[in-house]
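What follows is a single structure, written as structure tokens, with notes after it.
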Amino acid sequence: TMLHSTLALSLLLIAVSSNLAMAIKKEKRAPQTLSRGRWGDEITWVQTYEEGLYQAKKSNKPLMVIHHLEDCQYCQALKKAFAENEEIQEMAQNNFVMLNLMHETTDKNLSPDGQYVPRIMFVDPSLTVRADITGRYSNRLYTYEPQDMPFLIENMKKALRLIQTEL
């Protein structure tokens, strides 16, 4: 019957368009995967260290490099605190080139005191790794714990100030 085929066609269209909507939604969410499990969905993440260096130089913003691993509970705890801190998220979105890595880079300057996770380091736009911007722990200079977010904020501000004063 005519009615039957019209119904079938409109059901098909509904199925196709909802699949399309899903595909479009997926498409829009694609960049989020670079936040690697939610360091911050609104942050634009670069994919590689090399890209990070290039963007830092080009934009005159410091590069913030977060080394972490998926199955590290300290990394998970830090990630949560980092993602929930509005001031950190805002600075990360606006003032920094952001990179999070689940592997080591070949740049030995990024592991001055060893290859542990989590660790956060800053590279200024002149492409100098700022070994002088450290956390609170003398045995792991670049590690931060969830309660250290105020300290990380200070270090982010320090990284921004250094650009103004030195470059």
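Note that this is a predicted model, so its numbers are computed, not measured.
When the side chains of ILVMFWY residues are joined at heavy-atom separations under 4.5 Å, either directly or via intervening members, Tyr74 and Tyr116 end up in two distinct hydrophobic clusters. Residues Leu63 and Val129 fall within the same hydrophobic cluster, defined by Ile, Leu, Val, Met, Phe, Trp and Tyr side chains chained together at heavy-atom separations under 4.5 Å. Note on Leu101: it clusters hydrophobically with Met121, by side-chain heavy-atom contacts below 4.5 Å among ILVMFWY residues. Linking ILVMFWY side-chain heavy atoms closer than 4.5 Å, directly or via other members, places Tyr137 and Leu78 in two distinct hydrophobic clusters.
Side chain of Trp45 to backbone of Val97: no donor-acceptor contact under 3.5 angstrom is found. A donor-acceptor pair under 3.5 Å is absent between the side-chain atoms of Gln55 and the main chain of Val46, judged by distance alone. Ser111 contributes no side-chain N or O that, together with a main-chain N or O of Gly114, makes up a donor-acceptor pair within less than 3.5 Å.
Shown here are the side chain to side chain contact (heavy atoms under 4.5 Å, CB included) partners of Thr134, two or more places apart in sequence or in another chain: Leu141, Tyr142. With sequence neighbours excluded, the residues satisfying salt bridge (Lys or Arg N to Asp or Glu O under 4.0 Å) with Glu87 are Lys157. Residues that satisfy the side chain to side chain contact (heavy atoms under 4.5 Å, CB included) test with Asn95, not counting sequence neighbours, are Met91, Leu160. The side chain to side chain donor-acceptor pair (under 3.5 Å) check on Gln73 picks up nothing, with sequence neighbours excluded. Checked against side chain to side chain contact (heavy atoms under 4.5 Å, CB included), Pro150 has no partners two or more places apart in sequence or in another chain. Scored by the salt bridge (Lys or Arg N to Asp or Glu O under 4.0 Å) test, Glu84 finds Lys80 as partners (sequence neighbours excluded). Taking the side chain to side chain donor-acceptor pair (under 3.5 Å) definition, one finds that Arg136 meets it with Asp148, sequence neighbours left out. In this structure Lys158 satisfies the side chain to side chain contact (heavy atoms under 4.5 Å, CB included) test together with Ile133, Asn155, Arg161, Leu162, sequence neighbours excluded.
In terms of heavy atoms, Ala81 sits closest to Met149 at CB-CG, 3.9 Å. For the pair Pro125 and Ala56, the tightest heavy-atom approach, listed with the atom from each and the gap, is CB-O, 3.5 Å. Closest non-hydrogen pair, Ile88 versus Ile153, comes out as CG1-CG1, 3.4 Å. The two residues Ile43 and Met98 make their nearest non-hydrogen contact at CG2-CG, 3.5 Å.
Applying the ring-ring contact (aromatic ring centres under 6.0 Å, His included) test to pairs two or more places apart or on separate chains, those with a residue in residues 76-98 are Trp39-Phe82, Phe96-Phe122. Among residues at least two apart or in separate chains, salt bridge (charged side-chain N to carboxylate O under 4.0 Å, His left out) pairs with a member in residues 95-109 are Glu104-Arg119. Listed by first and then second residue, the salt bridge (charged side-chain N to carboxylate O under 4.0 Å, His left out) pairs involving residues 52-61 amount to none (not counting sequence neighbours).
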Next on the checklist: Let's go through Ile120 and Leu152 carefully: what are the C-alpha distance in whole Å and the side-chain angles of both, what is the deciding distance for side chain to side chain contact (heavy atoms under 4.5 Å, CB included) to 0.1 Å, and is it a yes or a no?
Outcome noted: CA-CA 9 Å; Ile120 299 178; Leu152 181 58; 3.9 Å; yes
Checklist entry - Can Thr48 and Leu53 be said to form a side chain to side chain contact (heavy atoms under 4.5 Å, CB included), step by step? => result CA-CA 9 Å; Thr48 64; Leu53 293 174; over 6 Å; no
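With a 6.0 Å radius and a threshold of 12 heavy atoms from other residues, nucleotides or ligands, Glu86 has its CD atom at or below the threshold.
For the atom pair NE2 of His67 and CG of Asn100, the computed distance is 10.0 Å after rounding to the nearest 0.5 Å. Rounded to the nearest 0.5 angstrom, Ile163 CD1 and Asp124 CG are separated by 6.5 Å. Here His68 contributes atom NE2 and Lys79 contributes atom NZ; the two are 6.0 Å apart, rounded to the nearest 0.5 Å.
Side-chain contact between Val123 and Pro62 is absent, with no heavy atoms from C-beta onward closer than 4.5 Å.
In this structure, Leu69 belongs to a hydrophobic cluster whose other members, linked by side-chain heavy atoms under 4.5 Å apart, are Val117.
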